[in-house]
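Excluded from the calculations below are hydrogen atoms, water molecules and symmetry mates; all remaining heavy atoms, backbone and side chain alike, are included. Since this is a predicted model, take the numbers as computed values, not measurements. A, B, ... follow the sequence lines: proteins, then strands. Residue 1 opens every chain.
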Amino acid sequence: MPELPEVEVIVRELSSRLSGEKIINVRTLWKKSFVPNNQEMPFEHNILSVTRKGKFIILNMDVCYILVHLRMTGQLIVTNSHNYDMRHLRVIFELESGDKLLFYDARKFGRIYLIDNLGKFFSNFGVDALSTEFDISYLKDIFNKRKARIKSFLMDQRYIAGLGNIYIDESLFRAGVHPSTAVHKLSYKKIVQLHGAIRETLEHAIMNMGTTISNYMTTGGGFGNNQYYLRVYGRENESCYTCGTKIMKIRLNNRGTHFCPKCQPVK
DNA sequence: CTAATCACCTGAAGGC
DNA sequence: TGCCTTCAGGTGATTA
C-alpha cells in the first residue's frame, strides 16, 4: 500500500496519539504478521516516540522497538471502540489508556517486528529519501556504473529508502526521464533534476496527506488527497497535462509503469 | 556481484 | 448472476 508520504502522515498522527502511552498486551490473530510469531506474549512497554525510516514505522520503547511495515494493504488504526471490525484484523495492541492499536492487512504481506537493535536491522538499508544525506552527490555515487533501468533501481530500498511504484513514476515524469533509461546513462543535469523531482513529489504528497487509491487511510480513518494531483500514475490513455500526448502504461519488472512518451523520451 | 523474475495472499474490477 | 483472468502503494528468495 503505502510509500514514504503515506507512512510519514501515519507516523505524525501516531506520534501525537501514542507517545507516552503504554502497551500492556499484544494479541496476534495471524501468526506471520508478528515476527516473534507468538499468539500471546507478556508485554509491557512504554512508547517514548514514533518515528520512520523509509517505509518502516518505528515505535521507540524503553528497551526495544516495534517496527511496522504495511507492505501493500496494511493499515494501522487507533480506536477506543469495543466494537471494531474483525475482517482482516491481524494484530491487536492493547494500551493502558483503554485505546487499541489495530493492525489490519487484507493480503497478509505486512509485517510487525519486535527487535532490540535498530542499526543491525537497517544495516543493508539506503538513506531515507527525505533525509539530508540524500543529496545530489549521493545520487551520483550510487548511479555510477549501474546498468539497471532507473525505475527498478529506484525501487531498491538498499540505495534510497521510501520510494515505491507511484512516486517513482511521478518523479521520473517531473524530471523528464524515461523509466527504462539505464542508470549510468543519466547526465549530471538529469541527476540534478531527478533529485529535485523526487523531493518535490514526496513533499507535495505529504502536504496532501498521501495518495488513497484503494485502501490507504490515516490512523483515524481519514483519506489522502494526492490521488487528485497525480500526473502519470493511473492515467494511461489520458492526455499529458504538459503536452497533450497520451500517457502510456508498460510493464517493467512486473510493475505497472506510467509515463509520457514525449516528455520522457528514450535516451 | 548484479539484474530480472517468481512467490507470497486476497479482493476488486473487467470481459464474456 | 457467475466464472475466469488480470491487476494491485512491496519485497524476500530464487534464478540466470
#### Entry: Paired stretches of DNA chain C - 3 or more consecutive Watson-Crick or G-U pairs, each distance under 3.5 Å
B:2-8 with C:10-16, B:10-16 with C:2-8

### Query
Which of parallel (below 30°), tilted (30 to 60°) and perpendicular (above 60°) describes A:His195 and A:Phe134?
tilted

### Message
Just to verify, what does A:Glu96 make a salt bridge (Lys or Arg N to Asp or Glu O under 4.0 Å) with, not counting sequence neighbours?
### Response
none

#### Entry: Euclidean distance for P, B:dC9 against C:dC4 (whole angstrom)
23 Å

### Query
Under the salt bridge (charged side-chain N to carboxylate O under 4.0 Å, His left out) rule, what pairs show up with a residue in residues 192-201 of chain A, not counting sequence neighbours?
A:Arg174-A:Glu200

### Task
Check the pair A:Ser137, A:Asp135 against side-chain hydrogen bond (donor to acceptor under 3.5 Å, both in side chains), reporting the backbone distance first and the verdict last.
CA-CA 6 Å; A:Ser137 73; A:Asp135 59 16; 3.3 Å; yes

### Query
How close or far is atom C1' of C:dT6 from atom CE of A:Met72, stated in whole angstroms?
13 Å

### Query
In whole angstrom, what separates A:Asn144's CG from B:dC1's P?
18 Å

### Message
I'd like to check the ring pair (Phe, Tyr, Trp, His ring centres under 6.0 Å) partners of A:Tyr159; sequence neighbours left out, ordered by chain and number.
### Response
A:Phe153

### Short side-chain N/O contact from A:His69 to OP1 or OP2 of C:dT11, under 4.0 Å
yes

### Summary
Between CG of A:Asp105 and P of C:dA8 the distance, given in whole Å, is 18 Å

### Summary
Separation of C:dT6 atom P from A:Arg251 atom CZ, nearest Å, is 11 Å

### Query
Can you list the other members of the hydrophobic cluster that holds A:Leu252, where links are side-chain heavy atoms under 4.5 angstrom apart?
A:Met248, A:Ile250, A:Phe259

### Nearest-Å distance for atom pair NZ/C1', residues A:Lys151 and C:dG10
12 Å

### Task
Between protein and nucleotides 2-9 of chain B, map the contacts as a letter string: B base, S sugar-phosphate only, - none, heavy atoms under 4.0 Å, written 5' to 3'.
SSSSS-BB

### Query
Taking only side-chain nitrogens and oxygens of A:Gln157, does any of them come within less than 4.0 Å of OP1 or OP2 of C:dT11?
yes

### Query
Which whole number of Å gives the distance between the P atom of C:dT11 and that of B:dG11?
22 Å

### Task
For this output row, return yes or no: ring centroids of A:His69 and A:Phe56 closer than 6.0 angstrom.
yes

### Query
Who passes ring pair (Phe, Tyr, Trp, His ring centres under 6.0 Å) against A:Phe103, sequence neighbours left out?
none

### Task
For A:Lys189, enumerate each residue passing the side chain to side chain contact (heavy atoms under 4.5 Å, CB included) test, keeping only those at least two apart in sequence or located in another chain.
A:Ser187, A:Gln193

### salt bridge (charged side-chain N to carboxylate O under 4.0 Å, His left out) pairs, two or more places apart, involving residues 100-118 of chain A
none

#### Entry: A:Arg255 CZ to C:dC7 P, straight-line distance once rounded to whole Å
12 Å

### Task
Sorted by first residue and then second, give each salt bridge (charged side-chain N to carboxylate O under 4.0 Å, His left out) pair with at least one member in residues 136-154 of chain A; sequence neighbours left out.
A:Lys151-A:Asp169

### Task
Using whole Å, report how far NZ of A:Lys249 lies from P of B:dG14.
12 Å

### Message
On the nucleotide C:dT11, are OP1 or OP2 found under 4.0 Å from the side-chain N or O atoms that A:Lys55 carries?
### Response
yes

### Message
Need one value for A:Tyr233: base, sugar-phosphate or nothing, where a base atom within 4.0 Å counts as base even if backbone is also close, heavy atoms only.
### Response
sugar-phosphate

### Query
Can you tell me how far C1' of B:dC1 sits from CD1 of A:Ile142, to the nearest Å?
17 Å

### Task
Quote, to the nearest angstrom, the P distance that separates C:dT1 from B:dA12.
15 Å

Polar pairs (N or O, both sides) under 3.5 Å between protein and nucleotides 13-16 of chain C?
none

### Task
Just grab all the salt bridge (charged side-chain N to carboxylate O under 4.0 Å, His left out) pairs involving residues 122-131 of chain A, residues at least two apart or on different chains.
A:Arg52-A:Asp128

